[in-house]
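Please read the structure below before turning to the comments.
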Amino acid sequence: MTLRLNHPVMIASGCGGTGRELAPYLDLDGFAFVTRTLSRDPRVGTTASRMAEAPSGLLNTLGVHNPGLAHFLDEELPWLVGAGAQVFVSVAGATLGEYAELARLIGRAPGVAGIEVNVSLPDPGGAGIFEAREPFHAASAVAAVRRETPSDLPVLAKLRPDVSRVVEAARAVVEAGATAVVVGNAVPAAMPDGRPAGLSGPAIAPIALRCVSEVCGRLPDVTVIGCGGVAEAAGARALLGAGAVAVQVGTALLRDPTTATRLVADLQEDQ
Ligand SMILES: Cc1cc2nc3c(=O)[nH]c(=O)nc-3n(C[C@H](O)[C@H](O)[C@H](O)COP(=O)(O)O)c2cc1C
């Protein structure tokens, strides 16, 4: 199974809202849009302050706040599909059984383009999510999803940007059936008051580039999507030059929601 994208720019999980918020700035038709991470049941997430600025970056501790899969399938997915988006549903479960159940339900939903398995939350324990500490944990979650997903739907595995383990993790999830790997997520960090958080934005671009370079260099047959700190064409080109087939854009959209459109146009000029 191969991953088919219309162009090499995707909307990263959690940074495009439900799609409706982005729509005034971005034509979603044909755009690969990753939903925020969904769990089976609604989750209120973190109730204390959730975001803070860091030098050249953003800290967030959302705690997998989401309305639950049923709400998404009934209320959000039809709109996204109607807008023409290529919808990848991001999932995380408290258990491997929940990952499997999510995949079973999403696999039957009309219009879904793929599933992104989030095995890279910066603070899974705090959020009550299955902790993919070791590569085999990440592989178990991916295997649970792959087993329940129709064979023609791609399964992406979103990995932690941990330079020392990312190659091993990529190998493990691909052996478990991932179609492609997303490298990576926000970097584990802390809010100013010390609570666990994820750091994103330009500050993590060099870390993402290192991780992508390692995975592409060591596992040349693996399909890699780069994610972390992309805001300009130069950053996207660096990840693509290292071997990624596409990039995901997250934090930059919060600052300028037209970023993804601009990136597509800039990269098209390269061709
Ligand atoms: C506000 C916010 C919410 C996010 N929500 C999710 C999420 O629900 N699931 C997920 O896998 N990643 C989530 N992320 C991480 C992004 O998808 C992305 O992997 C990360 O921020 C690194 O890319 P960036 O530097 O371009 O933002 C979130 C990031 C931010 C800033």
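Whatever order the structure lists them in is the order used to number ligands and atoms, beginning at 1.
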Modelled atom types, side-chain donor and acceptor of [X] and [Y], under 3.5 Å:
{"X": "Ser39", "Y": "Asp41", "value": "no"}
{"X": "Arg36", "Y": "His65", "value": "no"}
{"X": "Arg195", "Y": "Ser49", "value": "yes"}

Of Asn185, Asn118, Asn66, which meets side chain to side chain donor-acceptor pair (under 3.5 Å) against Thr37?
Asn118
Would you say [X] and ligand 1 have an N/O pair spaced under 3.5 Å apart?
{"X": "Ser90", "value": "no"}
{"X": "Thr251", "value": "yes"}
{"X": "Gln248", "value": "no"}

Take Ile129 and Arg43 through the side-chain contact (heavy atoms from CB on, under 4.5 Å) test and state the conclusion after the steps.
CA-CA 11 Å; Ile129 292 296; Arg43 283 171 170 265; 3.6 Å; yes
Which of the atoms in ligand 1, numbered in the order shown and given with their element, are less than 4.0 Å from a heavy-atom of [X]?
{"X": "Gly228", "answer": "22 (C), 23 (O), 25 (O)"}
{"X": "Ala12", "answer": "17 (O)"}
{"X": "Leu58", "answer": "31 (C)"}

Suppose we measure from [atom] to each protein heavy atom; which comes out shortest, and what is that distance?
{"atom": "atom 20 (C) of ligand 1", "answer": "Ala186 N, 3.8 Å"}
{"atom": "atom 3 (C) of ligand 1", "answer": "Leu62 CD1, 3.4 Å"}
{"atom": "atom 15 (C) of ligand 1", "answer": "Asn185 OD1, 3.2 Å"}
{"atom": "atom 12 (N) of ligand 1", "answer": "Lys158 NZ, 3.1 Å"}
{"atom": "atom 8 (O) of ligand 1", "answer": "Thr37 N, 3.0 Å"}
{"atom": "atom 24 (P) of ligand 1", "answer": "Gly229 N, 3.5 Å"}
{"atom": "atom 5 (N) of ligand 1", "answer": "Gly14 CA, 3.4 Å"}
{"atom": "atom 7 (C) of ligand 1", "answer": "Ser13 OG, 3.1 Å"}

Nearest heavy atom to atom 29 (C) of ligand 1 wins, so pick from Gly250, Ser200, Cys15.
Cys15
For atom 23 (O) of ligand 1, tell me which residue out of Gly201, Cys227, Pro161 has the closest non-hydrogen atom.
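Answer by nearest heavy atom: Cys227.
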Pair Glu168-Arg165, salt bridge (charged side-chain N to carboxylate O under 4.0 Å, His left out): steps then yes or no
CA-CA 5 Å; Glu168 209 185 325; Arg165 304 300 293 274; 3.0 Å; yes
Compare all side-chain heavy atoms of Leu156 with those of Val117 and state whether any distance is below 4.5 angstrom.
no
Are the side chains of Pro8 and Leu240 in contact, using a 4.5 Å heavy-atom criterion?
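Yes - at least one pair of side-chain heavy atoms lies under 4.5 Å apart.
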Salt-bridge contact Asp162-Arg160 (side-chain N to carboxylate O under 4.0 Å):
no
Do Glu175 and Arg171 sit within salt-bridge range, that is, some charged N less than 4.0 Å from a carboxylate O?
no
Does Gly184 reach ligand 1, in the sense of a heavy atom lying below 4.0 Å from it?
yes
Of the backbone atoms (N, CA, C, O) and the side-chain heavy atoms from C-beta on, which set of Leu121 has a member under 4.0 Å from an atom of ligand 1: side chain, backbone, both, or neither?
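Neither; nothing of Leu121 gets under 4.0 Å from ligand 1.
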At a non-hydrogen distance cut-off of under 4.0 Å, which region of Asn60 contacts ligand 1 (side chain, backbone, both, or neither)?
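Under 4.0 Å from ligand 1, Asn60 contributes side-chain atoms alone.
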List the steps, then state whether side-chain contact (heavy atoms from CB on, under 4.5 Å) holds for Arg4 with Thr2.
CA-CA 6 Å; Arg4 288 188 207 296; Thr2 50; 3.7 Å; yes
Test side-chain contact (heavy atoms from CB on, under 4.5 Å) on Thr35 and Glu76 and set out the steps.
CA-CA 10 Å; Thr35 69; Glu76 298 180 21; over 6 Å; no
